[in-house]
There are 2 protein chains.
Amino acid sequence: MSHTLGLRQAQKQKTRQALLDAALGLLEEQSLSSLGLREVTRAVGVAPTAFYRHFRSTADLGVALVEEALGSLHPMIRTIVSSSGDSDQRIERAVGLIAQHVATHPAHVRFIARERHGGVQSVREAIQDQLARFADDVKVALTKDPVSEGWNDDDLLMLADLYVDQMLMTASLFLDALEAPEEERRRVAQVATRQMRLISIGREHWLD
Amino acid sequence: MSHTLGLRQAQKQKTRQALLDAALGLLEEQSLSSLGLREVTRAVGVAPTAFYRHFRSTADLGVALVEEALGSLHPMIRTIVSSSGDSDQRIERAVGLIAQHVATHPAHVRFIARERHGGVQSVREAIQDQLARFADDVKVALTKDPVSEGWNDDDLLMLADLYVDQMLMTASLFLDALEAPEEERRRVAQVATRQMRLISIGREHWLD
DNA sequence: AATTCCAGAGAACAGTTGTTAACTGCATGG
DNA sequence: CCATGCAGTTAACAACTGTTCTCTGGAATT
């Protein structure tokens, strides 16, 4: 299906990616609603008008960034949530994977945390869409777990939402601790692990 | 101690409050990092330069807004967390109070949710300061609760953090559902209630 | 080889921004 | 009652913004 696309389209995608990368960099110290299109093109080294060949507006670019940041994350979610082992092992593995992802993609994580409640509606909606999809992934996995036997649909979804939010919160804390000494990051990991453990305990006794 | 302040200072505070109110209104559809000082003064109807009589910058104004939005919330936190009754009653009362606060101060809640991870460092720090204080309030209350007997300090704080984050998350969901039909708001309340109930169950079995 | 297409450049536009300086008028304290 | 203080005004600045129209060089198509 995927053509080896011509020089023309290849160069275009290269510029497009450069715009996305430059924007992501600029967004480390400001919000999307204050990101100017000229600012982005200047950082890339192209004319301001070239921007329009790729995006209608900076809001449009923001939506593309959501796709880039979250679209490819579903496999990781499923890996976390459907891994084997007992509860504690799975929690530690999950926290480790989150820490690793924040360390390798800090700008993406920051962008999502920032714009999830940010000032640009279309971007907020795009993020909530993806997060709802995450929650559905989690819910599907929970359904298969023997611990969830006898749970109704609403409760499975409410637990899935809780997990997703907990995941984002933990990611945000890791982000804040990125430049701090490793001791601080270990503390964050410890707190996150215990919070998930407490939720896990609540889960086991839910039907009592 | 509080002088009945002269006409001079009274008028000044009035203008200052007008600036804060106008800014809060403008911030419903954008982030602080894109809020211009001229925009604010225009909305109030004063000269741009008058802004400097009250704030060094819009970031400075943002910090003042954090104070306004969260500073007066400690009493409510303590009310929620140290109320009597069994676990379920307290949870329902807490969710009700959150819903009520979001309904009466939507702009403040939106501001905090938005700028908690927003693009202006000083404001982010101010918010995290206040939230840390909330967590401490909660922790103090938890310490007095018989359910927490035998808990160590770290675990009390991690639970308090979990509660505070859960509170903010719930507030944000109520905010999104503000313009929606009441059915949607009841659904949010129900999910939030069950999530807190699950946490509560985890709490009771923590030391098993 | 001739033609079409189109990513990016260039110039110009009307508006906007933060910040400065010097001012005015009125409440305040001596 | 007069001198001082100070909240708010006016005018001007250089720099910046998004958007438009026109143009160009080279890849893609025929």
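Keep in mind it's a predicted model, so treat the numbers as computed, not measured. Naming convention: chains lettered A, B, ... in sequence-line order (proteins, then strands); numbering from 1 in each chain.
One interatomic measurement links the two molecules: CZ of A:Arg38 to P of C:dT16, which rounds to 16 Å at whole-angstrom precision. When the P atom of C:dC23 is taken as reference, atom CZ of B:Arg53 falls 15 Å away, rounded to whole Å. The distance between atom CZ of B:Arg8 and atom P of C:dC26, rounded to the nearest whole Å, is 11 Å. Put simply, CG on B:Leu37 is 16 Å from C1' on D:dA15, counting in whole angstrom units. As a whole-Å value, the separation of B:Phe51 CZ from D:dT10 P is 19 Å. To the nearest angstrom, P of D:dG8 lies 4 Å from NE2 of B:His54. As rounded to whole Å, 15 Å separates atom C1' of C:dA27 from atom NZ of B:Lys14. The distance between atom CD of A:Glu39 and atom C1' of D:dG18, rounded to the nearest whole Å, is 13 Å.
Side-chain atoms of A:Glu28 do not come within 3.5 Å of backbone N or O of A:Ala107 as any donor-acceptor pair. Under a 3.5 Å cut-off, the side chain of A:Arg90 and the backbone N or O of A:Val81 do form a donor-acceptor pair.
Judged by distance alone with a 3.5 Å cut-off, no donor-acceptor contact links the side chain of A:Thr49 to the base of D:dT19.
Which of D:dC16, C:dA12, D:dT10 sits closest to the side chain of A:Arg42 comes down to D:dC16.
Between A:Phe51 and A:Phe55, the two ring planes are tilted [angle within 30° to 60°].
Using a 4.0 Å heavy-atom distance criterion, B:Arg16 is classed as making no nucleic acid contact. Among the heavy atoms of the strands, none lies under 4.0 Å from A:Ser57. Among the protein residues, B:Arg56 comes within range of no part of the nucleic acid, since none of its heavy atoms lies under 4.0 Å from any strand.
Across the interface with DNA chain D, nearest-nucleotide mapping of A:Gln9 and A:Pro48 shows A:Pro48 to be the residue nearer the 5′ end.
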What verdict does the side chain to side chain donor-acceptor pair (under 3.5 Å) test give for B:Arg197 and B:Ser87, after you've listed the backbone C-alpha separation in whole Å, the side-chain angles of each residue and the deciding distance to 0.1 Å? CA-CA 8 Å; B:Arg197 199 173 288 159; B:Ser87 181; over 6 Å; no
